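It should be emphasised that the depicted structure is a prediction, and the values quoted were computed from it without experimental measurement. Chain identifiers are assigned alphabetically (A, B, ...) following the order of the sequence lines, protein sequences preceding nucleic acid strands; residue numbering begins at 1 within each chain. Note: hydrogens, waters and symmetry copies are ignored here, and every other heavy atom, side chains too, is used.
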Amino acid sequence: MDRYEKVIELAKRRGFLWNSFEIYGGTAGFYDYGPLGSTLKRRIEQIWRETYVIREGYMEIEAPTIGIEEVFIASGHVGGFSDPLCECKSCGEAFRADHLVDKIVACADGLGTKELDRVIKENSISCPECEGELGETYEFNLMFKTNVGPGSGRQGYMRPETAQGMFVDFLRLARFYRDKLPFGATQIGKSYRNEISPRQGVIRLREFTQAEAEIFIDPNNKKHPNFHRFADNVLNLYSEQAQERGTAEQMRLGEAVEKGIIAHEFLAYQIGLTNYFLQRIGIAADKLRFRQHKKDEMAHYAIDCWDAEIETERFAWVEVVGIADRTDYDLKAHAAVSKTELSIYKEYSEPRMVTRFVVKPNMGKLGPLFKGKAKDVAEALKALSQEDLEQDSITVMVDDEALTVPNDIVEFAEETVKISGENIIPHVIEPSYGIDRIFYSTMEHAFAEEKVAGKDDSEDESRIVMRLRKEVAPVQVAILPLLTREELIKPSRSIEASIRQKGLLVSYDDSGTIGRRYRRNDEIGTPYSVTIDYNTLEDNTVTIRDRDSMKQVRAPVEGIADLLYELIYMEKDFKSAGKAL
RNA sequence: GCGCUGAUGGUCUAGUGGCUAUGACUGAGGCCUUCCAAGCCUUAAACCCGGGUUCGAAUCCCGGUCGGCGCACCA
C-alpha cells in the first residue's frame, strides 16, 4: 500500500471521504464528504475566509451555480471549453479533429465540426492508429448542459468555475466598494466539469469546490501597500527559467519582484498570501512550490501566472492553486457581450485642463429640416473641422446623400474644460483554489505511521496518527472516562457539555479500553484527549493528553474549556497547561 | 473514450464448478480493568450489477459499473 491508498482507506473507514452513490455501484468523479471529512473541509474553508474575507477584506458573494449561455459565451467556455473529437470507426480511438488537420490547414482550431469533416474527407485522413475510417466530428463540451424553464426553455450550463459570478456582478461590487480600486470579492462553492475520464480520487472530480478571489486593481499601479508583509518570505520558486534548468530555487519574494521574475508586487503579494494559507492549514513547506506558467501554456491575455503545487507521494506535484494576472480580459469580454460598460471612474490626483474643439448642432432647427436624418446629420457635423464649418454652406454625407446645412444651424467653439478623471477598466488578479485537492494534500501530509513502545517488554506497536493542525482537526477534544462506570460517566458528560459550550468540536467515547480510545482519536487527528478518573472525583482535576507527544498533564476541571481553547487557538504551550505526569 | 488489470462483511483477506463461504482487525452488548489497540463471553456483518454456460456459478464466458495503471483529454 502506498501512502495514497493508506490515506484513502483511512478516509473511507473513518468517515472522511466516501464514493458517491455507492449502493448503486458508484459514479466516477463524485465523492461524498463524510462527517469528519465535511468538518475538516469546512475548517479549511473557514481559514480561507479568515485569510481572504476577513483579513484582506475581499467580501464573499454567492452567485448561482447554473449560468445562462451569455455568461459562458463571454467567458469563452462555450467556444473554448470544448474540443472537436472524432472517433475511429474500427478501433474506437478518439482524436482531436483539429489536431489531425493542423498540418494541412493554417488555423485548424478555428474550424467548425462540418469544416473539419470536410477537410478530413478531402485529404482522406485515416485513423493514425489503425488506418481505419474516421467517424463524424462532434463537439465535446466539458460543461454540463441544462435547461432553464419548461419545454425547450433557455440553454443553461452548470458553472465550470466560480469566477464569472464576480465578473458579472462587477458594477454592483464597484458601487458596494464606493468606486475605489483596488477591491475584490470572493466565492467559495461548487463548480462542475464533465471530465472525460475523472481519476485519482478527489484530484479530478466532476463536481468540485473552488475558492476564488477576483481582485480588481488599477492597471497603472500594481504595487501592494502591504507587500513588506511577505517580501522577506523565502519560497520555492519554480520560474520559467528554473524549469529549463529543472530545479526550483529558494528565493525571497522581494528579490523575485526586483529581478522581474514575478511580474509585479501585487501578484507576488498573492503568492505570499497563498503560501501563508497553505502552511497554516498544514501543508509541509518543503512539499510546496510555486511554478510559473511558461509563455506557451499561459492564456494569451494573461501577463503572468503561478501555480501553487503540492508534492504528493503517488501523484508527484499536484496543482492546487492558480494565481494569475488576467488583465482586463474578463471585464472587456462581458462588456462586449452584455453591451454594458464595465469600467470605473478614476479621479486624477489633479484635474487637467483640456482645450478642445466642440461642435454644437442646433437640434431644434435640424429636426424640422432633416426629420429622421437629423441625428445622423448632427453626428456628421461633429466630425467636421473648424475650417469646414466656417464655410458659407456646409455639406455632409449621410447615407451616400450629400446634404447641405445652413451655417447658422451649427455653433462651434474652442473650449477649455476641466477633466477630473477618466473611466478605466481594472485589471484582475485571480487566486483560484481547488479545495478538494488541498483537502487531500492536507490529509496526506498529516498522515503518519510511527512505532511506539509496547506495554512491558512486548514488541513495538505501530500507531497511525493524523498530525492535523489543531485549528483544522474535525474533532478537537475527546472526552474519555477512564472506565465505563456510572460515577465517572456523569462528570465526564458535564465536562463535555462545558467544552461544547465554548464552541470546540468535541467527541465523547466510553467504549473499550483507554488505550484503544487514544488510538482511535490519533487516527482522526484529535489533538487533545481529556480523561476523567477517580482522582477527578477527589480533587476535581483531569488528565489532558497530547496527540503528538502522547505526553500528559494534570489540570483542574475548573476553567478546562478555556484552557483547551488556548491550547488549540492561541498556541499555548502544552507543558504549561498543567502538572506533568 | 481506448488498452491492460482488478472487484469477497466497515477494513484487510482465504477460497474454489458442489454441505451452512475462511480468518484477522474493527463495530455493538456484557464481564474484567486506575492511562496508550491487554483478556474473556455474546453478537452483527460480505461473494459489484445484468445476462449466458451448467444438474449446480462467488468461481467459467459475455456485457456493464466502479477502482488502479498506460494512452488520449484536462488544469
Original post:
Hey, does the side chain of A:Asp307 reach the backbone of A:Glu319 with a donor-acceptor pair shorter than 3.5 angstrom?
Top reply: no

**OP:** Tell me which nucleotide among B:C73, B:C35, B:U11 gets nearest to the side chain of A:Ile514.
**Re:** B:C35

Original post:
Does the distance from a Lys or Arg side-chain N to an Asp or Glu carboxylate O, for A:Glu22 and A:Lys12, drop under 4.0 Å?
Top reply: no

Original post:
Considering only B:A37, B:C35, B:A75, which nucleotide approaches the side chain of A:Glu523 most closely?
Top reply: B:A37

**OP:** Give a yes/no answer on whether the side chain of A:Thr513 brings an N or O atom under 4.0 Å of OP1 or OP2 in B:U33.
**Re:** no

Original post:
With sugar-phosphate meaning primed atoms plus P, OP1 and OP2, does A:Arg554 contact a base, only sugar-phosphate, or nothing at under 4.0 Å between heavy atoms?
Top reply: base

**OP:** Answer with base, sugar-phosphate or nothing: what part of the nucleic acid does A:Gln200 contact at a heavy-atom distance below 4.0 Å?
**Re:** sugar-phosphate

Subject >> Among B:U33, B:U26, B:C74, the nucleotide that comes nearest once only the side chain of A:Arg516 is considered >> reply: B:U26

Original post:
For the side chain of A:Tyr534, counting heavy atoms from C-beta on, which of B:U34, B:C69, B:C74 is nearest?
Top reply: B:U34

**OP:** State whether the side chain of A:Gln552 and the backbone N or O of A:Thr543 hold a donor-acceptor pair below 3.5 Å, judged by distance alone.
**Re:** no

**OP:** Check every strand shown and say whether A:Ser511 touches a base, only sugar-phosphate, or nothing at a heavy-atom separation below 4.0 Å.
**Re:** sugar-phosphate

Original post:
Could you state the CD1-P distance from A:Ile8 to B:C66, rounded to the nearest angstrom?
Top reply: 17 Å

Subject >> Given A:Arg3, A:Lys6, A:Arg463, the one that forms salt bridge (charged side-chain N to carboxylate O under 4.0 Å, His left out) with A:Glu449 >> reply: A:Lys6

Original post:
Contact class for A:Arg463 (heavy atom, under 4.0 Å): base, sugar-phosphate, or nothing?
Top reply: nothing

**OP:** For ring-ring contact (aromatic ring centres under 6.0 Å, His included), just list the numbers for A:Tyr440 and A:Tyr4, CA-CA rounded to whole Å, side-chain angles, deciding distance to a tenth of an Å, and then say yes or no.
**Re:** CA-CA 9 Å; A:Tyr440 171 74; A:Tyr4 170 79; 5.6 Å; yes

Original post:
With a 4.0 Å cut-off on heavy atoms, is A:Glu9 in touch with a base, just the backbone sugar-phosphate, or nothing at all?
Top reply: sugar-phosphate

Original post:
Does a distance-only test, which skips hydrogens and angles, find a donor-acceptor pair under 3.5 Å between the side chain of A:Tyr24 and the base of B:C49?
Top reply: no

**OP:** Please state the C1' separation for the pair B:G52 and B:U5 - nearest whole angstrom.
**Re:** 23 Å

Original post:
Between B:G68, B:G67, B:U33, which one does the side chain of A:Leu483 approach most closely?
Top reply: B:U33

**OP:** For the side chain of A:Arg519, starting at C-beta, report the closest nucleotide among B:A37, B:A75, B:U11.
**Re:** B:A37

Original post:
Do side-chain atoms of A:Arg159 reach the backbone of A:Ser191 as a donor and acceptor pair under 3.5 angstrom?
Top reply: no

Original post:
Is A:Arg206 touching bases, backbone alone, or none of the nucleic acid, heavy atoms closer than 4.0 Å?
Top reply: nothing

Subject >> Test item: A:Gln210 side-chain N/O and A:Thr162 main-chain N/O as donor-acceptor pair under 3.5 Å >> reply: yes

**OP:** Using the P atoms only, state how far B:U16 lies from B:G3, rounded to an integer number of Å.
**Re:** 29 Å

**OP:** Describe the nucleic acid contact of A:Arg199 in one word from base, sugar-phosphate, nothing, applying a heavy-atom distance below 4.0 Å.
**Re:** base

Subject >> Spacing of the C1' atoms in B:C60 and B:U54 (rounded, Å) >> reply: 10 Å

**OP:** Would you mind classifying the nucleic acid contact of A:Tyr4 as base, sugar-phosphate or nothing, using non-hydrogen atoms under 4.0 angstrom?
**Re:** sugar-phosphate

Original post:
Between B:U8 and B:A46, how far is it from one C1' atom to the other, in whole Å?
Top reply: 6 Å

Original post:
Under 4.0 Å between a side-chain N/O of A:Arg547 and OP1 or OP2 of B:C36, yes or no?
Top reply: no

Original post:
Picking from B:C35, B:A75, B:U11, which would you name as closest to the side chain of A:Thr543?
Top reply: B:C35

Subject >> Rounded interatomic separation in angstrom, taking CD from A:Glu486 and C1' from B:C31 >> reply: 17 Å

Original post:
What nucleotide, of B:G67, B:A37, B:C36, holds the atom closest to the side chain of A:Ala28?
Top reply: B:G67

Original post:
Would you say B:C69 has OP1 or OP2 under 4.0 Å from some side-chain N or O of A:Arg314?
Top reply: yes

Original post:
Which is true for A:Gly201 with a 4.0 Å heavy-atom rule: it touches a base, it touches only sugar-phosphate, or it touches nothing?
Top reply: sugar-phosphate

Subject >> A:Arg14 CZ - B:C25 P separation (whole Å) >> reply: 17 Å

